[in-house]
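So the structure is just underneath, and the comments pick up after that.
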Amino acid sequence: MTRRLSILAAIVIVAGFAIYWWLTMPVVIAASALPARTPDLANGRTAFNIGGCASCHATPNQPDRTKLGGGLPLSTPFGAFHVPNISPDPKDGIGGWSEAQFVTAVMEGVSPHGAHFFPAFPYPSYHRARLADIRDMFAYIRTLSPVSGRAPDHDIAFPYNIRRNVGIWKWLFMERRPFADVAGQSPQWNRGAYLVNTLGHCAECHSPRNALGGIIAAQRFAGGPNPEGKGWVPNITQKNLGDWSEKDIAYFLESGLTPDGDSAGGSMASVIKNTAQLSAEDRAAMAVYLKSLPPVDGPPRVRARPSN
Amino acid sequence: MKRIFVTMAAVLLGAGAVFAQQDIVNQRQTEMKNNAKNLGGVLVAMVKGEKPYDQAAVDAALGVLVANAKVLSTQFPDSTKGLRSGDKYSASPKIWENRADFESHLASFAKVVNEAKASVKDLDTLKATVPLIGKQCANCHETYRLKDG
């Protein structure tokens with residue numbers, strides 16, 4: 001009897017482990033899935049700008065947004081991440097990476113060694129972007145100047161630091177459905193929806209998250225506590241932006257100025273540095289899409305602390 | 001008895017000092033709101049074509065920004081660190097940790113609005129200048145202003 005029980009226990013453990021292993025298996029995009037083509041560098045630059053790669057990967061405290069030396073610390077409830085060097089430096093950056101390795105990193109969140117990246121790197125949004133845009137982006141990043149030097153290791157608490165567990169997180173929270181145009185909407189609306197939901201990763205900041213750091217889908221875009229710590233990220237559904245016109249939103253994405261003349265602060269100031277580089281058409285498209293978001297109530301705000 | 005009076009006076013004076021500091025916070029927030037009113041309600045409105053170009057109104061709005069840039073440099077004393085007013089925005093403690101850098105943002109803001117006052121003569125120069133002013137506001141808010149609600 002005890003022998004049978006221990007066999008059963010062993011089977012359960014092995015099966016459990018197999019399921020865990022299967023659930024956490026990294027997805028890799030093979031080079032064979034990338035037929036030869038000539039990259040469009042201008043489109044790659046646009047993808048890089050709306051993707052906001054420079055906000056995190058540019059070397060901090062210097063003005064050149066194309067110097068992707070990394071090193072910026074990102075503090076989160078799970079610990080501090082140090083953003084890596086993604087300049088084309090062959091030793092410290094991604095100069096030695098193949099296109100397939102880059103596409104796998106940005107769209108699947110998996111490293112060349114087959115390990116999961118942490119979702120502090122917003123690949124859950126980039127995952128839904130078009131393959132051609134990511135390939136053009138790779139070609140564009142290859143044209144930038146190499147920067148030497150590596151960022152320090154991340155400082156993340158157990159058990160969040162186990163990369164394999166990120167596979168479970170992806171299974172729970174990563175939307176696998178590729179972006180598709182919505183029939184009946186204008187091409188402009190679809191372009192805006194694409195930029196906002198995939199490369200622009202606006203929802204990554206403008207949505208509340210659950211205890212495991214997954215976006216609460218019902219309140220997407222409805223704002224919430226700042227994931228990077230202090231302060232509040234505003235609601236960008238029509239609940240809050242009802243009295244902004246499309247022109248107001250487009251001008252905000254160009255200049256950082258709100259209709260009442262206030263300027264964006266906090267992490268939005270760096271997002272504006274990216275959206276300011278886009279074409280006026282792309283900003284207008286995002287405005288049209290944002291204007292169409294139905295009003296959704298965000299999570300209740302914790303009252304600000306009284307003065308001390 | 002005398003001692004009680006002295007203590008009471010000291011407490012009241014102390015409280016008075018806190019009220020005065022609180023006033024500074026209220027004042028600087030009012031000046032910030034004025035920055036926004038003049039930049040948004042006047043200059044940006046002209047750039048967007050919501051209002052016709054009007055040199056006198058432009059000069060007046062830029063005049064307010066120039067004056068505010070000057071006053072604001074005295075309105076973040078150490079004694080206001082940690083004080084707040086309203087629940088929308090507050091000043092980041094980083095202001096008092098990186099004082100020199102904060103001062104350089106104020107100086108750069110003053111320089112840009114003074115130059116704007118001298119150079120804006122028509123809608124085209126206004127269109128070119130407004131984003132430069134907005135960048136000054138944003139660069140400082142990025143690090144030194146907290147959004148609370």
Spatial distance of atom NZ (Lys33(B)) from atom CG (Asp262(A)) [nearest 0.5 Å]: 10.5 Å
Structural part of Asn38(B) lying under 4.5 Å from a heavy atom of chain A: neither
Could you grab the distance from atom OG of Ser263(A) to atom CG of Leu39(B), nearest 0.5 Å is fine? 8.5 Å
In terms of heavy-atom pairs under 4.5 Å, which option from Gly266(A), Ala269(A), Gly223(A) contacts chain B the most? Gly266(A)
Ranked by heavy-atom pairs below 4.5 Å to chain A, first place among Met32(B), Lys37(B), Lys48(B) goes to Lys48(B)
Tell me whether Lys239(A) at atom NZ has more than 12 heavy atoms from other residues, nucleotides or ligands lying less than 6.0 Å away. no
Please say whether more than 12 non-hydrogen atoms of neighbouring residues, nucleotides or ligands are located less than 6.0 Å from OH in Tyr160(A). no
Can you tell me how far the OG atom of Ser255(A) sits from the CD1 atom of Ile133(B), to the nearest 0.5 Å? 11.5 Å
Is chain A contacted by the side chain of Val47(B), its backbone, both, or neither, given a heavy-atom distance below 4.5 Å? side chain
Tell me if the CG atom of Asn210(A) is crowded by more than 12 foreign heavy atoms within 6.0 Å. yes
Return yes if some donor-acceptor pair links the side-chain N/O of Lys147(B) with the main-chain N/O of Val233(A) below 3.5 Å, else return no. no
Heavy-atom side-chain proximity of Leu146(B) to Trp232(A) below 4.5 angstrom: no
Would you give the length of the straight line joining atom CD of Glu142(B) to atom NZ of Lys273(A), rounded to the nearest 0.5 angstrom? 4.0 Å
Approximate separation, where rounding is to 0.5 Å, of Lys247(A) NZ and Glu50(B) CD: 6.0 Å
Identify which part of Ser270(A) has an atom lying under 4.5 Å from any heavy atom of chain B, answering side chain, backbone, both or neither. both
Decide if atom CG of Asn61(A) counts as having more than 12 heavy atoms of other residues, nucleotides or ligands within a radius under 6.0 Å. no
